[in-house]
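Values below: every heavy atom of this structure, side chains too, minus hydrogens, waters and symmetry copies. We count residues from 1, following the sequence as given.
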Amino acid sequence: MTVLPPDLAAWFTVIVPTRNEEGSVRALLSGLAESLSGIPAEVLFVDDSADNTPEEIRQAARECGLAVRLLHRPAGARHGGLGGAVVAGLKHARGSWAVVMDGDLQHPPQLAAKLVQIGRARNLDLVAGSRYTGSGASDGLAGGYRRAVSGLATRLAKAVFPRRLSRLSDPMSGFFAVRLAALDIDRLDPIGFKILLELMIRQPRLQVAEVPFVFGTRLAGQSKASLREGLRFLRHLLRLRLLVLRIQVRRSSTTYAGGRLGRLVAFGAVGGTGVFVNTAALWVLSEHVVHPHYLIAAVLATEVSTSWNFVLTEKFVFTGHKPGTRLGRAVRFFLLNHLALLPRLPLLALLVGVFGAHLLIANVLTLVLLFLVRFVVADSAIYAKPDGEVVERQPMRITVDLTGVQRPAPGEQATGQSRHRREARPVSASSRYLPYRYAIDGVLSVGSQVPLRELDYFRAQWLGNDVDLSIRVGEVGRGPRTRALMTQHVFPAGVSYAEHLGRLGANFRVEIGEKIEVTCSPALAHSPHVLYTNVIEALLRFIAVSRGVVLLHSACLELDGRGLLLSARTDTGKTGSVLKLLREHGARFLSDDMTILHPDGHATCFPKPLTISHHTLRAVQAGDLTAAEWRRLKLQSRLHSKEGRNFGLVLAGLNIPIMGINSLTQRIVPPPKYQVDRLVDCRIVRTVEVDNLFVIERGEPVLADIPFDEAIQTLVDNTDDAYGFPPFRQMAPSIVIGEDDYAELRRKEREILVRAMRSIRVRRLGSNTFSWAEDIAALLRSSGAPAAAQQPAGIAEPPVSGPTVLPAPA
């Protein structure tokens with residue numbers, strides 16, 4: 001048997017629990033040897049057999065060429081059955097990842113390494129094989145009875161744990177890869193088969209994705225499923241449910257003592273008074289003001305009760321220090337209650353118009369039904385902890401579809417896998433036509449059926465329909481779902497996103513080949529700003545890398561003939577500083593938000609419209625806007641400020657159709673965007689050689705050179721910060737352009753940035769008085785000639801190390 005040296009860690013460990021599987025061990029190791037050829041991995045059998053399986057493992061291990069270990073558990077030491085065997089394997093695994101699979105070839109060996117590869121590429125904790133998503137199937141279950149029992153067990157588990165299992169379509173799967181550092185193995189105490197269920201319930205914060213697979217036919221041996229195992233499963237399910245209840249009670253009585261539980265009671269008391277106020281206002285309005293338009297009366301009554309509730313909530317529910325300003329909290333509170341009208345009004349119309357319920361009774365019922373939703377959003381979003389204390393969540397399901405790559409397991413027939421391929425669809429002449437065309441200098445050409453205001457500067461109507469990136473409107477998504485779904489398509493390459501409302505949601509699909517095609521749903525197309533910001537610009541970032549440039553989150557100006565970059569976290573004050581440098585110091589404009597940076601250090605303009613947030617208002621002069629624009633700006637700047645963005649990010653952690661809500665919100669309250677020459681008389685220049693970069697920050701006054709390595713990381717972090725809104729974090733790891741996956745694109749982006757920054761001086765400039773524009777102008781003019789190039793002592797590029805190469809098998 002081949003054994004790994006104890007001082008050599010494998011890339012991953014394949015854990016195979018076995019019990020009387022002597023007839024399938026040799027075929028399993030043969031399949032693993034073929035799929036793991038050249039990949040440093042070990043196979044660990046955890047054996048509970050009473051037959052000749054251990055000896056068969058030893059014989060097959062000598063012939064397969066793999067690193068194989070055997071852990072035989074004698075009778076009396078087999079606690080937990082198959083689940084206990086997996087836990088024992090996890091404790092003895094030497095790899096950084098572990099793949100758990102059965103020994104009977106019903107789990108395809110050729111996917112073992114793929115699960116780990118996907119987990120590492122997407123920075124996940126667990127990648128589960130699923131029979132119930134994408135091209136997955138449960139063909140190997142013997143007979144309709146077994147399939148019915150398996151389906152019933154899955155539905156029962158998801159019904160008992162609707163939240164913790166909502167990101168998995170197949171929580172009963174025994175085929176998965178898990179990152180060992182993410183596990184607290186000592187907390188696991190499984191009974192019977194369902195170890196994945198145990199992991200998801202006891203450690204719900206794992207970042208997960210699914211990969212479809214075809215559950216194969218058993219090669220040899222007999223199924224271990226039985227009535228006894230079914231009863232053990234029910235017992236395990238009940239035990240886990242009681243465990244979760246105990247945890248929730250303990251948190252309510254300790255962590256939230258006088259906290260969330262008390263706030264819930266107080267919020268309910270205030271809400272009770274609000275129901276009375278709302279009902280009274282509805283009665284007065286419907287009877288004496290807008291009779292018989294009761295829906296209009298319900299909207300007006302909401303204005304009254306929301307004002308009442310906000311005052312009492314501020315005073316009696318969320319006491320002490322509160323995040324942000326009172327006005328900012330009020331805007332978010334009113335937005336919450338008006339979003340609640342979206343389900344309330346149709347329900348009210350149904351109860352009154354269809355079922356004939358009394359208006360006031362139906363109104364009270366709809367208010368009570370939405371009480372918990374309003375409390376959760378208020379507690380988690382409006383009055384949430386500051387940014388650094390908010391726990392990042394991953395509420396959507398992620399599926400990686402390997403259609404077209406998956407090979408049948410040994411002994412399995414290829415049963416028409418091609419029917420799952422995404423076939424090319426005929427495109428009508430009207431659908432082919434792209435009325436809006438853009439030529440982004442030095443990067444790519446774009447054709448769109450949706451006007452993209454952010455790309456107005458690059459309008460190029462002389463282009464034909466044969467563009468690098470096309471954007472069309474079409475049907476994306478199927479029926480309603482309980483959770484948003486992000487699917488990575490490996491062959492052909494692409495990604496799709498579908499929200500809860502099915503075809504009515506803000507969905508999109510991206511197909512990546514020689515050309516890139518984006519199809520967005522009508523709901524998303526009606527909000528071009530969301531489409532561009534959350535989908536198109538994310539694609540542009542990585543397309544730019546594939547073309548040898550960086551789309552850097554920074555402003556770019558030319559001041560006295562010298563190129564200048566300004567980098568900062570979102571809504572620090574960069575736009576205000578740009579306006580002051582243009583208006584007061586005669587700078588020339590290239591960009592405010594994104595700059596195309598070339599490896600030789602020169603920048604190309606990317607003049608998107610400027611977003612006027614609350615903090616930017618101080619740099620906008622009275623004559624810049626009309627009276628009507630100023631009135632609108634008071635609300636717009638609040639909603640599209642840092643506080644509004646943080647509110648949206650917290651909402652994104654909830655299981656709601658966040659893209660759809662964002663799209664609707666921005667249709668109702670459009671972002672305050674203005675072309676730069678609409679606000680200030682200035683000249684836009686195409687390109688400039690950059691010799692200075694300032695990283696501006698709020699805080700105590702400071703001016704200091706930033707070490708080269710730190711400067712590179714700061715620019716990368718600030719660029720990532722601009723893409724924080726969903727679904728970028730889930731979509732980006734799915735992007736593959738040519739031969740480069742997400743990790744390789746990120747590496748190349750950093751490499752280009754390192755080359756470009758060699759000749760640019762980088763300084764940190766802190767201010768607590770928003771004086772960056774004046775400070776920068778004074779610094780550049782006092783220094784005279786361009787600053788000397790910054791010569792890095794050493795590039796902060798960690799060596800790219802592949803998997804450890806194992807010695808040849810003994």
(message) Test: salt bridge (Lys or Arg N to Asp or Glu O under 4.0 Å). Region: residues 668-684. Which pairs qualify, not counting sequence neighbours?
(response) Glu629-Arg678
(request) Measure the CG-CZ distance between Leu745 and Arg747 for me, rounded to the nearest 0.5 Å. (result) 10.0 Å
(request) Could you check if a side-chain atom of Val443 sits within less than 4.5 angstrom of a side-chain atom of Ile596, using non-hydrogen atoms only? (result) yes
(request) First locate atom CZ of Arg547, then atom CG of Leu444, and finally report the distance between them rounded to the nearest 0.5 Å. (result) 5.5 Å
(request) To the nearest 0.5 Å, tell me how far Leu540 CG sits from Leu551 CG. (result) 6.5 Å
(message) If you define the side chain from C-beta out and look only at heavy atoms, does anything of Leu590 sit under 4.5 Å from Leu557?
(response) no
(request) Report the C-alpha distance between Asp720 and Arg541 in whole Å, list the side-chain angles of each, state the deciding distance to 0.1 Å, and finish with yes or no for salt bridge (charged side-chain N to carboxylate O under 4.0 Å, His left out). (result) CA-CA 10 Å; Asp720 286 339; Arg541 176 183 178 181; 2.8 Å; yes
(request) Spell out, as yes or no, whether a donor-acceptor pair under 3.5 Å connects the side chain of Ser591 to the backbone of Cys605. (result) no
(request) Indicate whether the side chain of His585 and that of Glu774 have a donor and an acceptor atom separated by less than 3.5 Å. (result) no
(message) Which heavy atom of Leu206 sits nearest to which heavy atom of Ala182, and what is that distance?
(response) CD2-O, 3.7 Å
(message) Could you report the tightest heavy-atom contact between Val446 and Ile471, atom names first, then the distance?
(response) CG1-CD1, 3.9 Å
(request) For atom CZ of Arg569, decide whether the heavy atoms of other residues, nucleotides or ligands shown that lie under 6.0 angstrom number more than 12. (result) yes
(request) Scan side-chain atoms only and decide if Gln488 and Arg122 contain a donor-acceptor pair under the 3.5 Å cut-off. (result) yes
(request) Carefully, step by step, assess Thr595 and Phe606 under the rule side chain to side chain contact (heavy atoms under 4.5 Å, CB included). (result) CA-CA 6 Å; Thr595 300; Phe606 201 96; 5.7 Å; no
(message) Taking Leu552's backbone N and O only, do any of them form a donor-acceptor pair with Thr719's side chain (distance below 3.5 Å, no angle check)?
(response) no
(request) Verify, without hydrogens or angle tests, whether Ser734 (side chain) and Val495 (backbone) share a donor-acceptor contact under 3.5 angstrom. (result) no
(message) Quick check: closest heavy atoms across Ala711 and Ile706, and the distance to 0.1 Å?
(response) N-CG2, 3.5 Å
(request) Measure the spacing between CD1 of Ile440 and CZ of Phe458 and express it to the nearest 0.5 Å. (result) 6.0 Å
(request) Show your working on side chain to side chain contact (heavy atoms under 4.5 Å, CB included) between Leu765 and Val695 and close with a plain yes or no. (result) CA-CA 6 Å; Leu765 184 61; Val695 177; over 6 Å; no
(request) Give a yes or no on whether the backbone of Leu524 and the side-chain of Ser527 come within a donor-acceptor separation of less than 3.5 Å. (result) no
(request) Please test Gln713 against Arg750 for side chain to side chain contact (heavy atoms under 4.5 Å, CB included), starting from the C-alpha separation and ending with a verdict. (result) CA-CA 9 Å; Gln713 189 58 50; Arg750 188 182 183 96; 3.0 Å; yes
(message) Rounded at 0.5 Å granularity, tell me how far CZ in Phe694 sits from CZ in Arg764.
(response) 13.0 Å
(message) Would you compute the distance between atom OG1 of Thr687 and atom CD of Glu558 and round it to the nearest 0.5 angstrom?
(response) 9.5 Å
(request) Taking Ser767 for its side chain and Thr769 for its backbone only, find out whether a donor-acceptor pair lies under 3.5 Å. (result) yes
(request) Taking atom types as modelled, find out whether His598 and Thr604 have a side-chain donor-acceptor pair closer than 3.5 angstrom. (result) yes
(message) If we ignore hydrogens and angles and just use 3.5 Å, is the side chain of Glu749 paired with the main-chain N or O of Phe542 as donor and acceptor?
(response) no
(message) With side chain to side chain contact (heavy atoms under 4.5 Å, CB included) as the criterion, how do Leu693 and Ser554 come out once you've worked through the C-alpha distance, each side chain's angles and the decisive distance to 0.1 Å?
(response) CA-CA 9 Å; Leu693 187 150; Ser554 69; 5.7 Å; no
(message) With a 4.5 Å cut-off on side-chain heavy atoms, are Val208 and Ile398 touching?
(response) no
(message) Under the salt bridge (Lys or Arg N to Asp or Glu O under 4.0 Å) definition, can you give me all pairs with a residue in residues 592-603, not counting sequence neighbours?
(response) Asp593-Lys608
(request) Of all the heavy-atom pairs spanning Ala555 and Lys574, show the shortest one and how long it is. (result) N-CD, 3.8 Å
(request) Would you check if there is a donor-acceptor pair between the side chains of Asn692 and Arg761 at a distance under 3.5 Å? (result) no
(request) State, yes or no, whether a side-chain contact exists between Arg686 and Asp441 at a heavy-atom distance under 4.5 Å. (result) yes
(request) For the residue pair Gln666 and Asn662, confirm or rule out a side-chain donor-acceptor distance under 3.5 Å. (result) yes
(request) Could you tell me whether the side chain of Met486 reaches within less than 4.5 Å of the side chain of Pro727, counting heavy atoms only? (result) yes
(message) Under a 3.5 Å distance rule, please check whether Ser445 uses its side chain to pair with a backbone N or O of Ala439 as donor and acceptor.
(response) no
(request) Check whether any side-chain heavy atom of Val400 sits under 4.5 Å from a side-chain heavy atom of Val127, and report yes or no. (result) no
(request) Among Leu582, Val578, Leu581, find the one that has a side-chain contact (heavy atoms from CB on, under 4.5 Å) with Val680. (result) Leu582
(request) Report yes if some heavy atom in the side chain of Tyr674 is under 4.5 Å from a heavy atom in the side chain of Ile612; otherwise report no. (result) yes
(request) Scan Thr572, Asn718, Asp717 and name whichever one has a side-chain hydrogen bond (donor to acceptor under 3.5 Å, both in side chains) with Ser567. (result) Asn718
(message) Ignoring hydrogens and geometry beyond distance, is a side-chain donor-acceptor pair present between Arg179 and Gln207 at under 3.5 Å?
(response) no
(request) Please answer whether the main-chain N or O of Leu679 pairs with a side-chain N or O of Arg583 as donor and acceptor at a distance below 3.5 Å. (result) yes
(message) Between His602 and Val690, is there a side-chain heavy-atom distance shorter than 4.5 Å?
(response) no
(request) May I ask you to decide if Asp691's main-chain N or O and Arg562's side chain share a donor-acceptor pair within less than 3.5 Å? (result) no
(request) Provide the closest heavy-atom pair for Arg326 versus Phe310 in the form atom of the first, atom of the second, distance. (result) O-CZ, 3.7 Å
(request) Compare every heavy atom of Pro733 with every heavy atom of Ala121, then report the nearest pair and how far apart it is. (result) O-CB, 4.2 Å
(request) Tell me whether the centres of the aromatic rings in Tyr457 and Tyr438 are closer together than 6.0 Å. (result) no
(message) Between Tyr532 and Glu537, do the side chains contain a donor N or O and an acceptor N or O under 3.5 Å apart?
(response) yes
